[in-house]
Amino acid sequence: MTITKDHIGGLVFLCFSIVYGYYGSGIEMFPGDEYQPFNAKSLPLTLAGLGIVLALCQLVTASRSQDDKLDLRGLDFVLITKLLLLMLIFAASLEWIGFMLSTVIFLMGGYWLLGERRPKVLLVASVPFAVCFWFLLTQLLDIYLAPGRLITSILGG
């Protein structure tokens, strides 16, 4: 049996989706929320289910040719490590500087690590996405996103 990059990617995504679904099912809800059509568990469980389905599709449709065999020599492990560190910094900064600023900095840092150096492009690619995603979560889905301890201490509240 030949294991290709598609197989490895599908298996990793399947494992990630199963673990995400497991932890998503443990989210506590306020009393009465279980009867609501959309609650705190809805989005995580939907994303986990969709991830599992897509991972299984990836595994079933993966190429089995010898040309697609797994070759680790072509991967840039330094870049992968930097992106993983950036994700950890993003997660740690959420509590302190809030969702909006953390997301903009995370996206700009990710684009910069991937090779984009023009400040205008970094801003145009990061800020509108973060604002739209914030609007979707807070205004349309009515999910509270804390502004962050630093913002709260500066602006009060």
Side-chain angles (χ1 to χ4, degrees), residues 1-27 40-138 140-141 143-154:
M1 179 178 172
T2 302
I3 296 180
T4 64
K5 292 178 186 177
D6 292 342
H7 290 109
I8 299 294
L11 286 172
V12 168
F13 197 64
L14 179 64
C15 291
F16 175 77
S17 297
I18 290 171
V19 169
Y20 186 69
Y22 173 76
Y23 283 109
S25 66
I27 294 174
K41 290 184 180 182
S42 299
L43 187 62
L45 293 180
T46 303
L47 289 176
L50 185 63
I52 290 170
V53 168
L54 291 175
L56 291 174
C57 289
Q58 175 72 23
L59 288 171
V60 170
T61 62
S63 171
R64 301 198 191 295
S65 72
Q66 292 290 337
D67 298 334
D68 294 332
K69 228 173 20 178
L70 184 61
D71 183 19
L72 296 177
R73 291 175 290 178
L75 298 177
D76 187 357
F77 286 104
V78 174
L79 178 63
I80 292 169
T81 304
K82 288 178 182 177
L83 288 170
L84 288 172
L85 286 173
L86 183 64
M87 283 188 255
L88 290 173
I89 292 168
F90 170 70
S93 69
L94 279 171
E95 182 180 350
W96 293 99
I97 61 175
F99 176 80
M100 183 72 72
L101 196 54
S102 294
T103 304
V104 169
I105 292 169
F106 170 72
L107 290 173
M108 289 176 70
Y111 295 143
W112 188 83
L113 284 174
L114 293 173
E116 182 57 57
R117 299 289 192 260
R118 296 172 289 179
K120 186 176 180 180
V121 173
L122 291 173
L123 284 171
V124 169
S126 302
V127 174
F129 178 80
V131 170
C132 289
F133 198 62
W134 171 86
F135 181 80
L136 173 75
L137 291 173
T138 60
L140 297 179
L141 297 176
I143 297 172
Y144 175 72
L145 295 175
R149 291 183 182 183
L150 180 66
I151 304 298
T152 304
S153 67
I154 291 173

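Just so we're clear, the structure is a prediction, and the values are computed from it rather than from any experiment.
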Looking at [atom1] of [X] and [atom2] of [Y], how far apart are the two atoms once the value is rounded to the nearest 0.5 Å?
X      : Y      : atom1 : atom2 : result
Leu137 : Leu43  : CG    : CG    : 8.0 Å
Phe135 : Leu141 : CZ    : CG    : 10.5 Å
Ile80  : Leu85  : CD1   : CG    : 12.0 Å
Leu101 : Trp96  : CG    : CH2   : 14.5 Å

Which pairs, with at least one residue in [range] and sequence neighbours excluded, count as a salt bridge (charged side-chain N to carboxylate O under 4.0 Å, His left out)?
range            : result
residues 104-122 : Glu116-Arg118
residues 49-62   : none
residues 45-56   : none
residues 90-115  : Glu95-Arg149

Set of side chain to side chain contact (heavy atoms under 4.5 Å, CB included) partners for [X], sequence neighbours left out:
X      : answer
Lys41  : Ile27, Met29, Asn39, Leu45
Ile89  : none
Met100 : Ala130, Val131, Trp134
Tyr144 : Ala146, Pro147

Give me each pair satisfying side chain to side chain donor-acceptor pair (under 3.5 Å) with a member in residues 97-107, each pair once, sequence neighbours excluded.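 Of all non-adjacent pairs touching residues 97-107, those that pass side chain to side chain donor-acceptor pair (under 3.5 Å) are Ser93-Ser102.
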
For Ile143 and Thr138: C-alpha separation, side-chain torsions, deciding distance, then whether side-chain contact (heavy atoms from CB on, under 4.5 Å) applies. CA-CA 5 Å; Ile143 297 172; Thr138 60; 5.8 Å; no

Sequence neighbours left out, what passes ring-ring contact (aromatic ring centres under 6.0 Å, His included) with Tyr111? Give chain and number order.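 Not a single residue meets the ring-ring contact (aromatic ring centres under 6.0 Å, His included) criterion with Tyr111.
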
With Phe90, which residues qualify under ring-ring contact (aromatic ring centres under 6.0 Å, His included), at least two apart?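 ring-ring contact (aromatic ring centres under 6.0 Å, His included) list for Phe90, sorted by chain: Phe106.
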
Heavy atoms only: give me the nearest [X]-[Y] pair and the separation to one decimal.
X      : Y      : value
Ser17  : Ala48  : O-CB, 3.6 Å
Ile52  : Leu14  : CG2-CD1, 3.9 Å
Leu122 : Trp112 : CD2-N, 4.0 Å
Leu94  : Phe99  : CD2-CA, 3.7 Å
Gly24  : Pro44  : CA-CB, 4.2 Å
Leu86  : Gly109 : CD2-C, 3.5 Å

Show me the side-chain donor-acceptor pairs of residues 53-61 shorter than 3.5 Å, one per line, residues at least two apart or across chains.
| unit_1 | atom_1 | unit_2 | atom_2 | d |
| --- | --- | --- | --- | --- |
| Thr61 | OG1 | Cys57 | O | 2.7 |

Does the pair Leu107 and Val127 meet the rule for a side-chain contact (heavy atoms from CB on, under 4.5 Å), with working shown? CA-CA 9 Å; Leu107 290 173; Val127 174; over 6 Å; no

